[in-house]
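Convention: sequence-line order gives letters A, B, ...; per-chain numbering from 1.
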2 protein chains.
Amino acid sequence: MLQATAFPNALDNSSAAVLSGIDVLAGLDDRQSPVRRLARHETLFSEGDEGGKYYEVLEGVVCSFRILHDGRRQILSFNYPGDMIGIGHELGCKCSCEAVADARVRSIPVSALDRSIKTRPELARKLLKVATIELASMHDHFVMVGRKSATEKLASFLLALARRECGDDAGTATFQLPMTRTDIADFLGMTIETVSRRFTSLRKLGVIDLPQTTTVHVRDMFLLEELADSNEDDC
Amino acid sequence: MLQATAFPNALDNSSAAVLSGIDVLAGLDDRQSPVRRLARHETLFSEGDEGGKYYEVLEGVVCSFRILHDGRRQILSFNYPGDMIGIGHELGCKCSCEAVADARVRSIPVSALDRSIKTRPELARKLLKVATIELASMHDHFVMVGRKSATEKLASFLLALARRECGDDAGTATFQLPMTRTDIADFLGMTIETVSRRFTSLRKLGVIDLPQTTTVHVRDMFLLEELADSNEDDC
DNA sequence: CGACGGGTTGAAGTAAATCAATAGGGGTGG
DNA sequence: CCACCCCTATTGATTTACTTCAACCCGTCG
């Protein structure tokens, strides 16, 4: 659980496992970091905002995304408790962020963190590490979106979630999907219909069960790995 | 030219415009940072390597990519002179890197840079800034790969290159393509045939000329922007 | 010269998108 | 408690954008 390499396929949130926001933000004045509650679909920030803030997810799940003028949406990352958001936003990263499930989020002004860095230089390195991890996990997402088939995309996605919940070496796993089919589609670069069809085909293959639409039970992790084309180690 | 926001559509290399590797690496002992010459297609590093190094492109163009077990390739970024590579590689980012055109690349052991950071803490912040910019430009790439049509993908790609060469506000632009159609295809997540077809359709639309296969002349930047669906500002 | 690597173009096939109908689930109000 | 609605998900039928397969061109190099 402590090594990034334990999550080769993790979502853009594996930073939690290695280095939580809490770790980076420890020692910051609490008055400078107010906590906000977000209901599902509520916006944390949008493209237009100045973006002088970092955020840490305390509870629930949020996602950051970009919208094209005709409404097409690409979700860039899902963020779970412990994840930091906002690194990169100072410099022209234009994206929005909203709650996927009810959430609690702490915000920290960049300026406050900058001041802290002056007195505790190791903070910058920790922040660098968080950015580094985000970058690394983004690469997985890239291969997934750019080069994988619909089945492989969904399998990779479920595999990453399963590993996040149940670790790497379990033979089966059960977990909740906080996001809707639409969210998954916009993360993987496909349509809800295709997502739905791939879910049922995975079910019919016996790889997963869907007791409810929001609950996934992976019956055969190994098969799921095969389908995910997750052979990211053998080459 | 000095603001990241001037390159909303830049490739994963806009860092050059804002903060060159030279800037970050200034003052490092030259003996610690040997320069290597790479011929086209020569490998700088591959997935298996330990990855204890940062690299700075001095000349030419390189690309980093990931390969799936059956040979499918996704190019993650093209890197031009001034760009830094290797941030994020310490922590489980498994990708390879090779020269797209003959190149000169300087390598710096992470350990050396780490030592420098001890004495000059502001280095960590500069590095953070580089990571930040890489992250931001990666988001553009994401929307492109995940949600755009073939024409929009190619238009976005050419637009980014045109802006890099000729700035933001020119009405026309001419530049070289150091990479092959295959490289472009693997960057945009499509096939060479589709890339080729979209090139000719852009040509027939009068948006671009192709005096040679490696030379692009953009006749109408505005139209190209339209086609790129680059309305990343109006929403 | 022939071979080879890149590029373009054409014809045919297909995975996924689109269009469209139906079903389920959770909450509200009559 | 049932009826209704709204939102989300599933499933089916059809279309299409892109891929795949294949031929061909062109410049370079041994």
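Residues from residues 197-215 of chain B with heavy atoms under 4.0 angstrom of DNA chain C, sorted by number: B:Arg197, B:Thr200, B:Thr213. Residues of residues 189-196 of chain B that place a heavy atom closer than 4.0 Å to DNA chain C, in numerical order, are B:Glu193, B:Ser196.
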>> As a quick check of understanding, evaluate side chain to side chain donor-acceptor pair (under 3.5 Å) for A:Glu98 and A:Thr43, giving each step before the final call.
In response: CA-CA 4 Å; A:Glu98 67 172 43; A:Thr43 300; 4.5 Å; no
>> Using the rule given for side chain to side chain donor-acceptor pair (under 3.5 Å), can you reason through B:Thr180 versus B:Asp183, listing the C-alpha separation, both sets of side-chain angles and the distance that settles it, and then say yes or no?
In response: CA-CA 5 Å; B:Thr180 66; B:Asp183 294 329; 3.2 Å; yes
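The CE-P distance, from A:Met179 to D:dC7, rounds to 21 Å in whole Å.
No side-chain heavy atom of A:Glu56 sits less than 4.5 Å from a side-chain heavy atom of A:Val105. Side-chain contact check for B:Val130 versus B:Tyr54: every heavy-atom pair is 4.5 Å or farther apart. Residues B:Leu44 and B:Leu38 form a side-chain contact, since some pair of their non-hydrogen atoms from C-beta on lies under 4.5 Å apart. Side-chain atoms of A:Leu161 and A:Tyr80, non-hydrogen and from C-beta on, do get closer than 4.5 Å to each other.
Taking 4.0 angstrom as the limit, A:Arg181 places none of its side-chain polar atoms (N or O) nearer than this to OP1 or OP2 of D:dT11.
Using cut-offs of 30° and 60° on the angle between ring planes, the pair A:His141 and A:Phe187 is parallel. The aromatic rings of B:Phe78 and B:Phe157 lie tilted to each other, with the angle between the two planes from 30° to 60°.
Salt-bridge check for B:Asp102 with B:Arg40: failed, with every basic side-chain N at 4.0 Å or more from each acidic carboxylate O. A salt bridge links A:Glu152 and B:Arg72; the closest N-O separation between the charged side-chain nitrogens and carboxylate oxygens is under 4.0 Å.
Using a 4.0 Å cutoff to heavy atoms of chain B, the contacted part of DNA chain C runs 5' to 3' from C:dG6 to C:dA11.
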